[in-house]
Engineer: 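Pasting a structure here, questions to come.
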2 protein chains.
Amino acid sequence: MDRRQEILQSATKSFTLFGYKATTIEQVAKIANVGKGTVYTFFVNKEELFQEVVLNLIDEMKRETDKSIDFNASFMHNAHTALMKMLQFRERHLLFAKLVEEEKELRTPAVKQMLLEIEREIISYISARIQMGIEKDEIIDCNKELVSYMLFKTYLAFIVDWQSTHEEPLKEEDILALFKETIFRGLAKK
Amino acid sequence: MDRRQEILQSATKSFTLFGYKATTIEQVAKIANVGKGTVYTFFVNKEELFQEVVLNLIDEMKRETDKSIDFNASFMHNAHTALMKMLQFRERHLLFAKLVEEEKELRTPAVKQMLLEIEREIISYISARIQMGIEKDEIIDCNKELVSYMLFKTYLAFIVDWQSTHEEPLKEEDILALFKETIFRGLAKK
DNA sequence: AGATGACCGAAATGGTTTTCTGGTCATTTT
DNA sequence: AAAATGACCAGAAAACCATTTCGGTCATCT
């Protein structure tokens with residue numbers, strides 16, 4: 001495998017395991033079996049390496065989600081499977097969870113910025129799907145900006161916040177059912 | 001006014017303005033025009049003074065909300081007015097916003113605990129209202145625990161989080177409309 | 001020409017001293 | 001006598017400084 005890929009992979013591993021700050025370039029280089037300087041021939045600095053790692057993950061999620069969407073099926077059905085997919089991603093989201101935590105306690109600016117980027121990215125993705133639903137006349141003509149924001153925040157609340165007040169994490173089917181019973185049901189036309 | 005009230009009022013002002021940690025007992029005493037020792041004849045310690053301040057605010061909110069509820073009107077209508085009331089409380093919620101912030105950056109245990117208390121309190125309040133709606137057969141038989149949690153978190157997201165990514169705060173009517181279009185609409189029976 | 005690791009300065013860390021503040025209580029005030 | 005007070009104390013937080021760590025560079029090596 002080419003060196004760039006090698007480095008990217010090591011970086012992903014390290015960021016996921018230790019977070020942004022606790023990951024050192026030297027560490028990444030060692031895992032990738034290259035010298036420290038080599039990292040800098042492919043990435044201008046730590047921040048951009050980080051960015052690339054995160055962007056890669058987002059892309060993967062988008063691709064996966066897109067793949068699970070059936071453009072002939074109903075909005076409801078697709079929303080269901082997409083959300084399900086997301087939920088099953090939970091472990092993969094470990095990096096995100098790690099970052100959220102790091103941002104909360106270390107206040108690393110690079111992390112905060114990246115987290116905002118992720119938020120923007122995901123919300124715009126959801127927004128586009130909602131737009132399609134509206135155009136297909138399957139859901140009511142709502143403020144898609146706000147609805148996306150709401151879906152995103154609600155999802156996060158259940159995945160991340162819930163644990164901090166409750167012993168055991170929510171079961172996927174419960175989250176799914178709740179979304180269907182409330183927001184999705186409310187959005188459905190008729 | 002009696003000294004106890006005086007102190008309570010100064011404390012509220014100070015906590016709201018500066019947060020928990022940055023509020024000193026001496027400061028509170030000075031504003032209330034009493035000696036420091038006097039504070040301790042009415043409240044066992046800083047934490048309990050804080051608790052009383054917060055509990056007062058919650059109580060006030062509950063009373064206000066209850067007052068605005070018409071037990072003969074529909075769930076939808078009441079949910080609307082209650083939410084409206086909450087939104088108009090926004091400035092009063094300054095304390096809560098301040099506390100959320102403080103908890104995020106200072107990790108004050110007393111604050112974290114109080115925040116959880118507030119969450120519990122509010123969610124149980126919402127939960128009770130939903131139960132009523134279910135009993136009156138006005139809304140679907142949902143998981144009231146989860147729905148309350150969702151409503152609470154969504155509300156917070158719009159009131160607190162939104163500002164951090166967007167320039168101007170959301171307009172009350174937009175938030176209201178969104179809740180009606182989505183969650184409330186979804187909950188409504190048929 | 002591309003890779004490397006010793007090297008540099010800025011930033012983080014840890015340990016020590018100083019300052020601050022919650023809480024007490026002997027004294028004063030009413 | 002009962003209530004109020006502020007000087008005082010101990011422990012927590014802040015400020016300070018010495019030392020280490022780590023992102024980034026570049027002269028050297030392959």
Side-chain angles (χ1 to χ4, degrees), chain A residues 1-54 98-99 101-114, chain B residues 1-54 98-99 101-114:
Chain A
M1 191 190 294
D2 71 276
R3 299 170 110 73
R4 192 191 147 87
Q5 266 318 301
E6 205 87 60
I7 293 169
L8 213 50
Q9 206 170 297
S10 319
T12 305
K13 204 182 297 178
S14 188
F15 283 133
T16 307
L17 228 47
F18 309 115
Y20 179 77
K21 259 191 80 172
T23 290
T24 73
I25 295 290
E26 199 153 10
Q27 177 79 262
V28 171
K30 196 169 290 170
I31 300 178
N33 276 317
V34 298
K36 183 151 80 134
T38 311
V39 174
Y40 286 91
T41 66
F42 292 108
F43 304 91
V44 292
N45 56 26
K46 185 181 180 181
E47 206 164 325
E48 267 197 29
L49 174 58
F50 178 54
Q51 226 165 316
E52 183 117 3
V53 165
V54 171
K98 190 107 208 157
L99 292 184
E101 206 177 305
E102 184 169 347
E103 145 64 9
K104 277 211 292 202
E105 56 199 26
L106 285 304
R107 293 275 142 119
T108 327
V111 171
K112 180 168 194 164
Q113 202 186 319
M114 197 41 47
Chain B
M1 195 190 297
D2 70 276
R3 297 170 111 75
R4 194 190 146 86
Q5 267 319 301
E6 204 87 60
I7 293 169
L8 214 51
Q9 206 171 298
S10 320
T12 306
K13 203 181 299 179
S14 188
F15 284 133
T16 306
L17 227 49
F18 310 115
Y20 179 76
K21 259 191 79 170
T23 290
T24 73
I25 296 290
E26 197 153 11
Q27 176 81 262
V28 170
K30 196 168 290 170
I31 299 178
N33 276 315
V34 298
K36 183 149 78 130
T38 310
V39 174
Y40 287 91
T41 66
F42 292 108
F43 303 92
V44 293
N45 55 29
K46 186 180 181 181
E47 207 164 326
E48 267 196 29
L49 173 58
F50 178 54
Q51 228 164 316
E52 182 116 4
V53 165
V54 171
K98 191 104 207 163
L99 292 183
E101 206 176 303
E102 184 169 349
E103 144 64 8
K104 277 212 292 205
E105 55 199 26
L106 307 213
R107 295 273 145 120
T108 325
V111 171
K112 180 169 194 163
Q113 203 185 319
M114 196 42 44

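This is a predicted model, so every value here is computed, not measured. Quick note on labels: first sequence line is chain A, next is B, and so on, each numbered from 1.
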Engineer: Roughly how many Å is it from CG in A:Leu106 to P in C:dA11, rounded to a whole number?
Structural biologist: 17 Å

Engineer: Please find the pair of heavy atoms, one from B:Val111 and one from B:Leu99, that lie closest to each other, and give the distance.
Structural biologist: CG1-O, 3.6 Å

Engineer: Between A:Arg107 and C:dA12, is there a side-chain N or O to OP1/OP2 distance below 4.0 Å?
Structural biologist: no

Engineer: For the pair made of NZ in B:Lys30 and C1' in C:dT21, what is the distance, rounded to whole Å?
Structural biologist: 13 Å

Engineer: Taking only side-chain N and O atoms of B:Thr38, does any of them lie within less than 4.0 angstrom of OP1 or OP2 on D:dT5?
Structural biologist: yes

Engineer: OP1, OP2 of D:dT5 versus side-chain N and O of B:Arg3: anything below 4.0 Å?
Structural biologist: yes

Engineer: Please name all residues satisfying ring-ring contact (aromatic ring centres under 6.0 Å, His included) with B:Phe50, sequence neighbours left out, ordered by chain then number.
Structural biologist: B:Phe15, B:Tyr20

Engineer: CZ of B:Phe42 versus C1' of D:dA2: gap in Å, rounded?
Structural biologist: 12 Å

Engineer: Check the distance between C:dG23's C1' and B:Glu48's CD and give it to me in whole angstrom.
Structural biologist: 14 Å

Engineer: Using only atom types and a distance under 3.5 Å, with no angle test, would you say the side chain of A:Ser10 pairs donor to acceptor with the backbone of A:Glu6?
Structural biologist: yes

Engineer: Is a side-chain N or O of A:Thr23 found less than 3.5 angstrom from the main chain of A:Ser14, in a donor-acceptor match?
Structural biologist: yes

Engineer: Counting primed atoms plus P, OP1 and OP2 as sugar-phosphate and everything else as base, spell out the protein contacts along nucleotides 21-30 of chain D at 4.0 Å heavy-atom distance: B, S or - for each nucleotide, 5' to 3'.
Structural biologist: -SBBB-----

Engineer: Considering residues at least two apart in sequence or located in another chain, which fulfil the side-chain contact (heavy atoms from CB on, under 4.5 Å) criterion with A:Asn33?
Structural biologist: none

Engineer: Can you tell which of A:Glu101, A:Lys21, A:Lys112 makes a side-chain contact (heavy atoms from CB on, under 4.5 Å) with A:Leu106?
Structural biologist: A:Lys21

